[in-house]
Amino acid sequence: MIRRTLLALTLLAAPAAAQDAPITSERATFRVTTFAQGLEHPWGAAFLPDGSLLVTERPGRLRRIGTDGRVSPPLAGVPQVEAAGQGGLLDIALAPDFARTREVFLCQAAAVEGGALTRLVSARLSPAGDALTGIRRVLDATPAQASGRLHYGCRIVFGRDGHLYLSTGERNERARAQRLDDLAGKVIRLTRDGRVPADNPFVGQQGVRPEIWSYGHRHPQGLAVNPWTGSLWEAEFGPRGGDEINVIRRGENYGWPVVSHGREYWGPRISRDTSAPNIADPIHVWVPSVSPSGIAFYDGAALPGWQRSLFVAALNTPGLVRLSTDGDRVTGEERLLWGKARLRNVLVGPDGRVYLLTDAPDGAVLRLDPA
């Protein structure tokens with residue numbers, strides 16, 4: 001059963017750490033704290049070992065937010081991005097050994113000969129934390145596309161196997177999601193230096209890109225590793241309805257556009273089928289859409305009632321979705337802060353609190369504190 005908790009949220013033009021009144025949800029009572037403000041379309045974020053937060057802004061800036069909520073000037077050395085449509089500077093992730101290497105990974109839209117594409121780069125954060133150095137291109141999700149600036153995907157996560165997983169959108173060209181000579185509409189698996197692991201499912205197959213781990217994806221903007229099972233979960237946009245949560249398995253086809261719960265924006269169904277042989281079914285579907293972006297599993301101690309939940313940042317209808325889970329199953333849904341703010345990303349801080357990035361020209365980082 002889906003239960004909806006329609007909760008009020010006021011984005012205050014006030015100093016960092018301003019708090020709203022307590023909110024009681026199904027499993028927790030919390031406050032919404034405005035932790036940081038003045039960010040232009042924040043998109044990706046990663047906590048550093050000292051508790052500060054790196055945040056990307058879609059127009060092409062990277063900032064560091066201190067534990068007191070103060071926002072730094074833009075960091076130097078950020079690569080040039082294609083900041084048009086849904087493109088720009090998108091996700092960021094720390095290398096598993098960041099404390100030793102200072103290595104970070106960034107995903108962006110990039111303009112190249114022939115159009116634009118999703119690009120993965122690595123860099124090192126300077127000791128002062130105010131610049132990127134040693135920018136290295138790891139992967140371009142080729143071929144480039146001349147038309148449109150949509151559906152880049154662009155989430156990054158490291159699996160338990162130590163490999164890097166990257167989601168790419170099909171660039172609003174549906175056939176690309178099913179093509180195995182094309183890196184659009186895929187989940188890609190690489191070693192951290194950009195090599196193809198020998199056990200990737202399509203290694204050695206002629207005419208097939210060996211970087212592909214799974215395919216048949218529309219616009220995946222959520223990736224997270226389930227801390228209790230080790231599996232990789234993904235959230236992707238449907239069109240008009242048909243948003244999905246998937247458990248990503250080696251070599252599987254997730255169906256877009258062969259099967260879909262969604263409709264064309266002008267009304268007709270995308271496909272007459274919602275399931276088919278040899279196509280992996282989603283474990284959770286939204287009709288109508290919630291437009292899911294970033295996702296994060298909650299394993300913190302600050303709000304114990306939310307343990308074993310998956311949080312989903314929703315853009316339309318704007319708000320936060322909490323999915324209760326059991327292993328690799330979704331067992332329930334609660335909607336929080338509904339209809340109040342477009343949320344691009346959600347992450348769990350080292351303090352066990354939930355942090356939210358609002359998608360707005362004057363965006364903010366919100367924090368959910370126990371009340």
| remark: Value for CD1 (Ile295) from CZ (Arg155), rounded to nearest 0.5 Å, stands at 9.0 Å
| Are any of the side-chain heavy atoms of Thr142 and Arg209 separated by less than 4.5 Å? | yes
| Under 4.0 Å between a Lys/Arg side-chain N and an Asp/Glu carboxylate O for Arg31 and Asp369? | no
| request: Supply the atom-to-atom distance Leu357 CG to Leu53 CG, rounded to the nearest 0.5 angstrom. | output: 7.0 Å
| request: Could you tell me whether a side-chain N or O of Asp182 sits under 3.5 Å from a main-chain N or O of Arg176, the two making a donor and an acceptor? | output: no
| said: Is it true that Asn253 and Gln178 share a donor-acceptor pair across their side chains at a distance under 3.5 Å? | reply: yes
| request: Find out whether Thr274 and Val285 are in side-chain contact, i.e. whether some heavy atom of one side chain is under 4.5 Å from a heavy atom of the other. | output: no
| Can you check whether Pro210's main-chain N or O pairs, donor with acceptor, with Asn200's side chain at less than 3.5 Å? | yes
| query | Should the pair Arg58 and Trp43 be classed as cation-pi, given the thresholds of under 6.0 Å to the six-membered ring centre and 45° from the axis? | reply | no
| field | Thr331 side-chain N/O to Ser324 backbone N/O, donor-acceptor pair under 3.5 Å | value | yes
| said: Would you compute the distance between atom CG of Leu120 and atom CG of Leu166 and round it to the nearest 0.5 angstrom? | reply: 5.5 Å
| field | Side chain to side chain, Leu125 and Leu75, heavy atoms closer than 4.5 Å | value | yes
| request: Just say parallel, tilted or perpendicular for the rings of Trp213 and Tyr165, cut-offs at 30° and 60°. | output: perpendicular
| Side chain of Lys186, backbone of Leu180: donor and acceptor closer than 3.5 Å? | no
| Heavy-atom distance under 4.5 Å between the side chains of Ser231 and Arg249, does that happen here? | yes
| message | Tell me if a side-chain donor or acceptor on Arg102 pairs with a main-chain N or O of Ser126 at a distance below 3.5 Å. | response | yes
| Rounded to the nearest 0.5 Å, how far does OG of Ser291 lie from CG of Asn316? | 4.5 Å
| What distance do Leu320 atom CG and Leu366 atom CG have between them, rounded to the nearest 0.5 Å? | 10.0 Å
| query | Where do Arg27 and Glu334 land on the salt bridge (charged side-chain N to carboxylate O under 4.0 Å, His left out) test, with the steps shown first? | reply | CA-CA 10 Å; Arg27 296 190 183 177; Glu334 181 181 21; over 6 Å; no
| request: Give a yes or no on whether the backbone of Arg308 and the side-chain of Thr325 come within a donor-acceptor separation of less than 3.5 Å. | output: yes
| task | Could you please spell out the steps behind the side chain to side chain contact (heavy atoms under 4.5 Å, CB included) verdict for Thr118 and Cys107? | result | CA-CA 7 Å; Thr118 300; Cys107 185; 3.6 Å; yes
| query | According to a 4.5 Å side-chain heavy-atom criterion applied to Ile, Leu, Val, Met, Phe, Trp and Tyr, with indirect links allowed, do Val330 and Trp228 form part of one hydrophobic cluster? | reply | yes
| If we only count heavy atoms from C-beta on, is the Thr317 to Arg335 side-chain gap below 4.5 Å? | no
| query | More than 12 non-hydrogen atoms from neighbouring residues, nucleotides or ligands closer than 6.0 Å to CD on Glu264, yes or no? | reply | yes
| query | So if you build clusters from Ile, Leu, Val, Met, Phe, Trp, Tyr with side-chain heavy-atom gaps below 4.5 Å, do Ile156 and Leu94 land together? | reply | no
| query | Would the number of heavy atoms belonging to other residues, nucleotides or ligands and lying under 6.0 Å from CG of Asp199 be above 12? | reply | yes
| Within 45° of the six-membered ring axis of Tyr152 and under 6.0 Å from that ring's centre, is NZ or CZ of Arg171 located there? | yes
| Under 3.5 Å, is there a donor-acceptor pair between the side chain of Gln86 and the main chain of His151? | yes
| field | Separation of Phe202 CZ from Ile212 CD1 (nearest 0.5 Å) | value | 6.5 Å
| request: Is it possible for you to say whether Leu54 and Leu356 belong to one hydrophobic cluster, with membership spreading through side-chain heavy-atom contacts below 4.5 Å? | output: no
| message | I'd like to know if Arg119 and Asp140 make a salt bridge, using a cut-off of under 4.0 Å between side-chain N and carboxylate O. | response | yes
| message | Can a donor-acceptor pair be found, under 3.5 Å and without considering hydrogens, that links the side chain of Thr56 to the backbone of Leu90? | response | yes
| Sub-3.5 Å donor-acceptor pair from the side chain of Ser167 to the main-chain atoms of Pro220, do we have one? | yes
| Looking at Phe35 and Asp68, what are the two nearest heavy atoms and their distance? | CE1-C, 4.4 Å
| When the ring centroid of Trp286 is compared with that of His284, is the distance short of 6.0 Å? | yes
| Does the side chain of Glu26 reach to within under 4.5 Å of the side chain of Arg322, using non-hydrogen atoms? | yes
| request: Check the hydrophobic clustering (I, L, V, M, F, W, Y; side-chain heavy atoms under 4.5 Å; chains of links allowed) and say if Val259 and Ile283 are grouped together. | output: no
| task | Anything under 30° is parallel, anything over 60° is perpendicular, the rest tilted; go ahead and classify His219 against Phe237. | result | parallel
| field | Arg137 and Pro79, any side-chain heavy atoms less than 4.5 Å apart | value | no
| query | Distance-only, no hydrogens or angles: does the Asn226 side chain make a donor-acceptor pair with backbone N or O of Phe297 under 3.5 Å? | reply | no
| query | Considering the options Leu323, Leu310, Val157, Leu223, which one meets the side-chain contact (heavy atoms from CB on, under 4.5 Å) requirement together with Trp233? | reply | Leu310
| query | What is the ring orientation for His217 with Tyr254, classed by angle as parallel under 30°, tilted 30 to 60°, or perpendicular over 60°? | reply | parallel
| Does the side chain of Asp273 reach to within under 4.5 Å of the side chain of Val258, using non-hydrogen atoms? | no
